[in-house]
Amino acid sequence: MRILHDPVARAFFLQGPGSTYAFRVGPAGRLEHLHWGEQVGAQDLGWSVLHCDRAFSPNPDPADRSWSADTLAQECPSAAGCDYRAPMIEVRHGDGSRVLELVYAGHRLVAGKPRLDGLPATYCEADTEAETLVVELCDAPTGLAVELSYTVFAAHDVIARSVRVINRGAAPVTLLRVLSASVDLEGSGLALLQLSGSWARERHVHVTSLRPGLQAVESRRGTSSHQHNPFIALLDTGTGEESGRVWAANLVYSGNFFAGVELDQFMQARLHLGIHPDGFAWELAPGTAFQAPEAILAFSAHGLGALSRTLHRLYRTRLCRGRWRDAERPVLLNNWEATYFNFTPERLLTIARSAKEAGIELFVLDDGWFGKRESDVSGLGDWVVNEAKLPGGLARLAREVEAIGLRFGLWFEPEMVSPDSDLYRAHPDWCLHAPGRTRSQGRNQLVLDVGRAEVREHIRAAVAQVLRAAPISYVKWDMNRHLTEVGSLGLPAHRQGEAAHRFVLGVYEVMERLTAEFPDVLFEGCSGGGGRFDPGILHYMPQVWTSDNSDAVSRLWIQHGTSIAYPLSSMAAHVSAVPNHQVHRTTSFATRAAVAFTGSFGFELDLARQSPEDMAEAKAQVAAYKRLRSLLARGDLYRLADPAGGRLAAWMVVAADGGEALVTAVRIRAEAHDSVPVVRLRGLDPAARYRLDDGNEVGGDALMAVGLRHRFDRDYQARTWHLVRV
Ligand code: DGJ
């Protein structure tokens, strides 16, 4: 890892373990992008920048018709100048002008990685792990400064990029658009990969060829959303799992985002990522600064598989934090699909006893334990146990669960309020709204204005009080609607454009304080399943309920797509009842477990009501998972067969030293007189021999070249192989 500055060529080279990112100070101090891709040594790359006179591309210097921001690769494009492509930064000055001429004003190198004020980010534990370059640009007429930060890690082949805008002038400026990253690349033959879908169908992989103009993946829902994930990748022609070039960008943020690729008239692709500019306006007073979220940029010359493994390692070790980052996660049972709102202490304890019998370690009480909450029409905001439903309160129930030999976990939805709640009756102005207008409801609830300090403090204190009063080892933090009428009584009229971002900052502050106050509690993120599965949340909560769709077959697509960016340890995955409650499909217990193994494993059903055969199977699965969980949480993922083909999904997890692996294959659709699929393994030691669970010993080279076979004879059948190096 090195960051090099060539003062003669005025160029910067960011050398990651396997890639290079380079840019330079061009004519008149404007930053020109030079290269992002395979590693190249620090050298003058000026010859690669072709200045040429182009029709209808204006020039700031009348003496040089060959330089135009409209034609050349830019590092920090701003609005209203010579570049007609989408800008990275756009402001409105006091005089109404949006012209911004960002010119190099200096740079500094910092050991390690500075924190980002109030925002989640990757980090290092020692300054020797990373190096950060901060380049300062300045708009001379106004004194507006922009700091571009780039961190290079020794052990992770990514660039962590972020932007800070500082008003060093005398007049306020309105920020209209501050994206976190913008990179101009050669765009011929590229395709865009996005992770998109819907509630219960999150993060399916979609790949489309770039076409001239702008292709955007975005959320205006106030959260990162089920519909689109703040991750995009550009794939070179022919790129697949094992080979080909891929450039990816992932925003460490949980609110509105914009990820765009603009293919221009000369087939250059501008990749953009940051807070969505729609609805965003931030008043920057003189002497103040605005910090934009971090964007993780990752390049792989060896396909999507290598890219995923790079991101997984980074997120597992230098994005997630706290005790649970490295600790083995407990096998849990959540009562939601077993009882929904309809439970008694006796029923819960019966389920807990059967969970204990199966070897499960944690019992989670989901929605319905507090206030007036017999359904989803009321009660949110009143975080006081319903003693009529749970006599003796949570302390008694938690103690009884602990007496069975399980730890106790609890569900919250802290950012929400039901109109039918004591909290709303006391503070009807505490929700996001525009005065005098409709307050639209989603799942019969409103969104609290978490950007306001008094609302934040109320939420924090209410959750903390519950966590202090009972032995609670786990929290599921849910969020079941998106934002509407995003106005805040805490902001004056001219600053209402800050409300959506201030909401996200407020949520982060509450998460930061609660996770710091309760470091032993395992926090799991959730938003109607995977509606807020993003790197921002993973900074506070190392695992997220991947989807409300717990069907094993639907999960093949959801977990495959999620794994493109996010580690298996971050994906909560449970065995649920059949017919499945979301899609009414019936799959075997074995298949449901095989799919759920590939995540933080648990159950979402009443084990007390399962057949003795299924109970025996559950016991065996829990025991097997406990033996394998450290491999599954820390191993390297290889995706072997893409469910998109519709016939077979297969993947494997290999220990970092190649000593052990678990291979899983699921026949999605069987045929009469079916072919026997071959699953060629990856990531093994070719020179070693591996013992399979049937006792056979096979060479790593043969397992990778010849592969494993299994004769499937029905739909949704799973086969796993456990391999140990001998
Ligand atoms: C949505 C979550 O995703 C579910 O698992 C469950 O917790 C419900 N909310 C409870 O209301």
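All ligand and atom numbering here is 1-based and tracks the order in the structure. A quick note: this is a predicted structure, and the numbers were derived from the prediction, not measured. Starting from 1, each residue takes its place in the sequence as its number.
Between R373 and ligand 1, no N or O atom pair is found at a separation short of 3.5 Å. Distances between N or O atoms of D367 and those of ligand 1 include at least one value under 3.5 Å.
Near N480, with a cut-off below 4.0 Å to any heavy atom, the atoms of ligand 1 are 1 (C), 9 (N). Those atoms of ligand 1 with a heavy atom of W545 less than 4.0 angstrom away are 3 (O), 5 (O). Which parts of ligand 1 touch G529 is read off a 4.0 Å heavy-atom cut-off, strictly below it: atoms 3 (O). Near C526, with a cut-off below 4.0 Å to any heavy atom, the atoms of ligand 1 are 2 (C), 3 (O).
No donor-acceptor pair closer than 3.5 Å links the side chain of Q445 to the backbone N or O of Q441.
Heavy atoms of H574 found under 4.0 angstrom from ligand 1: none, in either backbone or side chain.
The aromatic ring centres of Y253 and H276 sit 6.0 Å or more apart. Aromatic rings from Y540 and Y508 are positioned such that their centres are separated by under 6.0 Å. Taking the six-membered ring wherever Trp is involved, the centroid distance between the rings of W336 and F341 falls below 6.0 Å. For W369 and F412, the ring centers are positioned less than 6.0 Å apart. Between F258 and H228, the gap from one ring centroid to the other reaches at least 6.0 Å.
Using the six-membered ring where Trp is involved, W383 and F370 have ring planes that are tilted, between 30° and 60° apart.
Comparing heavy-atom distances from atom 2 (C) of ligand 1 across N549, V364, T546, D478 singles out D478 as nearest. Here the shortest heavy-atom distance to atom 6 (C) of ligand 1, taken over D366, N335, N334, belongs to D366.
Under a cutoff of 6.0 Å and an axis angle of 45°, R585 and Y716 form a cation-pi pair.
Residue-ligand proximity: K476 is placed with a non-hydrogen atom under 4.0 Å from ligand 1. Under the 4.0 angstrom criterion for non-hydrogen atoms, M479 is not in contact with ligand 1.
Closest to atom 3 (O) of ligand 1 among all protein heavy atoms lies D548 OD1, 2.3 Å.
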